[in-house]
Amino acid sequence: MRAFLLAAGGMLVASTALGQTARRDPLPPTRPFIGTGGQGHTFPGATAPFGMVQLSPDTDTGCEIRQCYGHAAGYRYEDPTIQGFSHTHFSGAGHSDLGDVLVMPVAGDDVKMDPGDPAVRHSGYRSAFDHAREAAGPGYYSVMLDDYGVRAELTAGTRVGVHRYTFWGKPAHIVIDLRSSLYNYPGKVLWSGLHLRPDGTLTGFRETRGWAPGRKLFFAMRFSAPLTDHAFVDRDSRIPYSGFAGPGRGSDAVAEKLGRQLEARLDFGKLQSLAVRVALSGVDEAGAVANLDAEPGGFDAILASTRAAWAKALGAIEIDADAPMRTSLYTALYHSLLAPSVWSDADGRYRGPDDQVHRAEGYTFRSTFSLWDTFRAEHPLLTLIQPAQTSTDVVRSLVDSRRYSPDGILPVWQFAGRETWTMIGYHAVPVIADAYLKGIGGFDAREALDAMVASATYAPYGGLGEYMKRGYVPIDKEPEAASKTVEYAYDDWTIARMARAMGRLDIAATFDRRAANWRNSFDGETGFLRARKSDGSFRTPFDPTAINYGSDYTEGNAWQYSWFMPHDQGGLFRLLGGDAKVVAKLDAMFDYDNSKLDYSHAEDIAGLIGQYIHGNEPSHHVAYLYVLAGQPWRTQERLAQIVASQYKPTPDGLSGNDDLGQMSAWLVFTALGFYPVTPASGQYVIGRPFVRRATLALPNGKRFVIVADGLSDANRYVGRVTLDGKVLERSYLTHQQIMAGGELRFAMQATPNRAWATAKADRPYSMTPY
């Protein structure tokens with residue numbers, strides 16, 4: 001019997017596995033396939049909110065490194081075959097790793113142990129599949145494996161993944177491939193092991209030298225039927241371990257195999273179905289077994305528990321909008337709740353940045369921090385809908401990571417507790433400051449501030465020594481110097497804000513001065529941020545449209561980075577010559593003719609509207625700057641343009657990498673009608689809503705309601721805004737106003753209101769007055 005019914009596009013609509021009550025599914029419309037094509041890099045598989053396990057199909061793990069960009073999440077919608085189902089994935093990252101503990105069901109007598117060609121049917125153990133027989137929803141994935149006639153279903157709890165395979169009476173086998181990884185290459189797997197215990201539990205581990213070097217992962221696996229035979233193979237030596245020493249043969253011996261590139265073939269005889277429960281741990285195999293025991297229950301029990309968790313998490317926002325927008329928004333909210341993921345075991349133990357085991361006392365240690373992306377909107381969204389749990393866990397995890405870091409600084413881009421040193425800035429700093437300034441507690445603020453200062457004064461990192469000496473990062477000493485200068489300056493401003501709130505005026509004064517350093521790399525003559533050399537001159541030749549990795553800017557050019565001083569837009573506007581010239585420059589950016597430019601060499605440059613690049617994060621606040629320049633109706637026009645061209649409820653519905661929820665969080669905020677242009681300011685700039693009505697169920701028990709009267713494609717302009725029935729003339733909300741509950745009401749109309757929120761006094765925060 002089919003466990004799930006499908007609608008067009010593979011959308012999950014009902015579940016007989018959950019009984020007749022499935023017709024009244026409490027989950028809102030959510031389509032995990034959004035972003036699995038194009039440049040989105042999402043995965044469709046099963047996971048719990050912030051779960052350690054992301055159990056998902058991999059369509060190609062053997063690609064050459066230069067060709068793996070499109071397969072960063074393991075699955076790509078256009079691919080014709082599935083290699084297997086692995087237990088760890090990033091959602092929307094621009095780089096990749098993971099794809100751990102790949103499992104593939106095989107039916108019949110001929111069991112191949114090599115994965116085969118991803119484009120060829122009947123090649124290796126992989127299988128062809130058809131999207132018409134594939135489904136996905138929060139906590140669930142299913143597909144028919146056509147080569148074997150096996151139905152695969154996946155679900156996941158916090159630290160446990162559960163597979164259910166229907167064989168319909170055919171000889172049933174499981175292939176486990178510890179060689180397989182995402183972004184694979186020879187020698188990536190340093191060491192692995194398999195241990196079949198007397199009680200039938202299979203445990204194992206592997207260590208990889210990938211994006212995070214020396215990463216260790218352990219697992220424990222149990223089956224709903226006894227083994228009849230098995231083989232472990234080390235591909236380095238091609239010597240199999242044969243001879244069964246497990247349950248069903250009257251032996252208490254332990255079958256064990258250690259090697260580098262291990263595979264296992266597990267045989268179960270003829271079966272109707274088989275369930276496989278798998279738990280992960282970053283600590284040891286005993287931890288994986290304990291995590292398996294901590295989440296008991298079979299497939300249906302874990303599925304029901306996880307769907308209930310998703311119903312609660314997605315229920316934080318009730319949305320009334322047209323069906324395509326509602327699906328896009330709930331999927332965006334879903335993608336925003338996947339990371340930072342749980343990394344500590346059920347007993348609190350976790351493996352930290354020093355590769356040692358520590359214990360999280362009174363909180364859950366989180367990892368998977370894509371901070372260069374997520375400090376902008378993803379983390380501010382969590383402070384609204386999950387402050388007590390997620391935001392407190394995040395801050396404590398960041399601070400504890402610094403405590404155990406060999407370099408003594410906060411994470412930059414961390415996963416599985418290990419640092420990758422990817423991207424720039426010290427953007428754990430605004431995440432901590434934003435949480436503290438919003439009144440989110442549960443962590444030691446003094447230790448957190450010390451960690452922030454230590455990260456901002458660590459001279460060996462990213463040209464910081466030169467930055468502290470000169471007030472800018474010189475390009476002849478450090479690559480991507482222009483970007484680093486402005487990102488450091490913003491991070492410094494957030495340190496000053498938090499220090500002042502704590503009464504540490506000495507620290508505040510130091511970092512207030514540093515927050516103005518962005519001006520040292522801004523060229524008033526050209527009106528662009530530029531890289532400066534040690535002698536003080538700007539580097540030439542200069543082309544504001546040029547994008548070359550490792551040069552003056554990080555994944556962008558002067559057009560995008562010349563707007564990145566979110567804490568001091570007033571200062572920027574003065575340098576540019578005032579509001580009118582700012583608006584003209586913004587228009588020039590959005591309307592730029594790119595027809596003679598070639599960005600094919602730049603993987604992350606996607607979603608272009610002129611020189612605005614929505615598929616990459618430095619542009620994400622730019623459309624809101626018309627508001628700060630006194631023309632909010634222009635922001636409303638640009639937001640309509642961005643939402644219409646960059647998001648849709650289809651596999652290619654994300655214009656760029658979702659980057660662990662940042663692209664999705666941008667859409668959630670924008671659709672509600674406001675956006676955190678300057679995290680740690682406590683303010684949200686008002687744009688325009690894309691929903692008829694939305695209700696935020698706030699963690700303090702209050703409700704904040706957004707209503708858009710007269711919203712339609714024609715009525716795209718804001719005519720009037722009221723907050724709790726009182727006319728709101730200023731162009732921003734405060735965090736306190738939202739958390740107090742109440743109603744924000746927009747009156748939408750077909751023509752711009754050129755009088756609303758144009759006064760300088762009604763504009764959001766800036767370090768320099770407008």
Side-chain angles (χ1 to χ4, degrees), residues 2-4 6 9-10 12 32-33 35-37 41-47 53-63 67-68 70-91 96 98-108 110-137 140-156 161-168 170 172-184 263 265-266 274 276 278 651:
R2 294 193 63 174
F4 280 75
L6 304 183
L12 180 69
F33 289 112
T36 59
H41 295 183
T42 62
F43 64 85
T47 186
V53 173
Q54 306 89 32
L55 180 51
S56 189
D58 294 328
T59 56
D60 187 7
T61 67
C63 54
Q67 300 172 348
C68 282
H71 292 85
Y75 175 100
R76 190 163 181 84
Y77 194 81
E78 296 87 350
D79 287 348
T81 61
I82 287 175
Q83 179 177 336
F85 308 99
S86 66
H87 293 75
T88 57
H89 297 83
F90 294 126
S91 181
S96 193
L98 304 177
D100 295 297
V101 193
L102 185 134
V103 174
M104 184 64 170
V106 177
D110 182 18
V111 181
K112 297 183 177 71
M113 296 289 281
D114 288 308
D117 187 330
V120 180
R121 291 192 58 162
H122 306 294
S123 172
Y125 61 69
R126 70 170 59 245
S127 174
F129 74 106
D130 189 326
H131 293 303
R133 294 184 296 278
E134 183 185 38
Y140 180 85
Y141 173 86
S142 71
V143 68
M144 178 66 73
L145 300 173
D146 292 341
D147 284 18
Y148 304 113
V150 172
R151 181 173 180 77
E153 296 177 274
L154 312 175
T155 190
V162 187
H163 312 235
R164 182 164 63 192
Y165 301 127
T166 303
F167 290 93
W168 286 288
K170 290 174 284 194
H173 315 274
I174 296 292
V175 172
I176 300 171
D177 194 342
L178 298 186
R179 302 173 301 158
S180 176
S181 287
L182 304 181
Y183 271 42
N184 221 350
E263 295 169 282
R265 190 202 75 235
L266 309 178
L274 176 72
V276 184
V278 184

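The residues of the chain are indexed from 1 along the displayed sequence. Heavy-atom basis, side chains included; hydrogens, waters and symmetry copies ignored.
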Side chain to side chain contact (heavy atoms under 4.5 Å, CB included) against [X], all qualifying residues, sequence neighbours excluded:
{"X": "Ala46", "value": "Leu154, Ala156"}
{"X": "Thr81", "value": "Pro118, Arg126, Ala128"}
{"X": "Thr59", "value": "His71, Tyr75, Arg76, Asp79, Ile82, Phe129"}
{"X": "Asp110", "value": "Lys112"}

Between Ile176 and Leu266, does the side-chain contact (heavy atoms from CB on, under 4.5 Å) criterion hold? Intermediate values first, please.
CA-CA 8 Å; Ile176 300 171; Leu266 309 178; 3.7 Å; yes
When rounded to the nearest 0.5 angstrom, what distance separates [atom1] in [X] from [atom2] in [Y]?
{"X": "Arg151", "Y": "Trp168", "atom1": "CZ", "atom2": "CH2", "result": "6.5 Å"}
{"X": "Arg164", "Y": "Leu274", "atom1": "CZ", "atom2": "CG", "result": "11.5 Å"}
{"X": "Asp60", "Y": "Asp117", "atom1": "CG", "atom2": "CG", "result": "8.5 Å"}
{"X": "Glu153", "Y": "Tyr141", "atom1": "CD", "atom2": "OH", "result": "11.5 Å"}

If you look at every heavy atom in [X] and [Y], which pair is closest and at what distance?
{"X": "Ala107", "Y": "Val150", "answer": "CB-CG2, 3.7 Å"}
{"X": "Gly108", "Y": "His173", "answer": "O-NE2, 2.5 Å"}
{"X": "Pro44", "Y": "Ser56", "answer": "CD-OG, 3.4 Å"}
{"X": "Tyr183", "Y": "Ala72", "answer": "CE1-CA, 4.3 Å"}
{"X": "Phe85", "Y": "Ala152", "answer": "CZ-CB, 3.7 Å"}

What do the steps show when you test Leu145 against Asp147 for side-chain contact (heavy atoms from CB on, under 4.5 Å), and what is the final call?
CA-CA 6 Å; Leu145 300 173; Asp147 284 18; over 6 Å; no
Look at the side chain of [X] and the backbone N and O of [Y], then say whether any donor-acceptor pair between them is shorter than 3.5 Å.
{"X": "Ser91", "Y": "Thr42", "value": "no"}
{"X": "Tyr148", "Y": "Tyr125", "value": "yes"}
{"X": "Ser123", "Y": "Gly116", "value": "no"}

I'd like to check the ring-ring contact (aromatic ring centres under 6.0 Å, His included) partners of His163; sequence neighbours left out, ordered by chain and number.
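Applying ring-ring contact (aromatic ring centres under 6.0 Å, His included) to His163 gives His87, Tyr165.
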Return the set of residues passing side-chain hydrogen bond (donor to acceptor under 3.5 Å, both in side chains) with Asp146 (not counting sequence neighbours), or none when no residue passes.
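Checked Asp146 against side-chain hydrogen bond (donor to acceptor under 3.5 Å, both in side chains); matches are Arg133.
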How would you list, by chain and number, every residue that makes a side-chain hydrogen bond (donor to acceptor under 3.5 Å, both in side chains) with Ser86, sequence neighbours excluded?
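For Ser86, the residues satisfying side-chain hydrogen bond (donor to acceptor under 3.5 Å, both in side chains) (neighbours in sequence not counted) are Asp58, His89.
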Taking atom types as modelled, find out whether Asp100 and Thr88 have a side-chain donor-acceptor pair closer than 3.5 angstrom.
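There is such a pair (donor and acceptor under 3.5 Å, judged by atom type) between the side chains of Asp100 and Thr88.
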Among all residues two or more places apart in sequence or in another chain, which pass the salt bridge (charged side-chain N to carboxylate O under 4.0 Å, His left out) test with Asp177?
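Asp177 satisfies salt bridge (charged side-chain N to carboxylate O under 4.0 Å, His left out) with Arg179 once adjacent residues are dropped.
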Before giving the answer on side-chain contact (heavy atoms from CB on, under 4.5 Å), spell out for Phe43 and Leu98 the whole-Å C-alpha distance, their side-chain angles and the decisive distance to 0.1 Å.
CA-CA 12 Å; Phe43 64 85; Leu98 304 177; over 6 Å; no
Is the gap between the ring centers of His131 and Tyr77 under 6.0 Å?
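Yes - the distance between ring centres of His131 and Tyr77 falls below the 6.0 Å cut-off.
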Does some side-chain heavy atom of Pro115 sit less than 4.5 Å from a side-chain heavy atom of Met104?
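Of all side-chain heavy-atom pairs linking Pro115 with Met104, none is under 4.5 Å.
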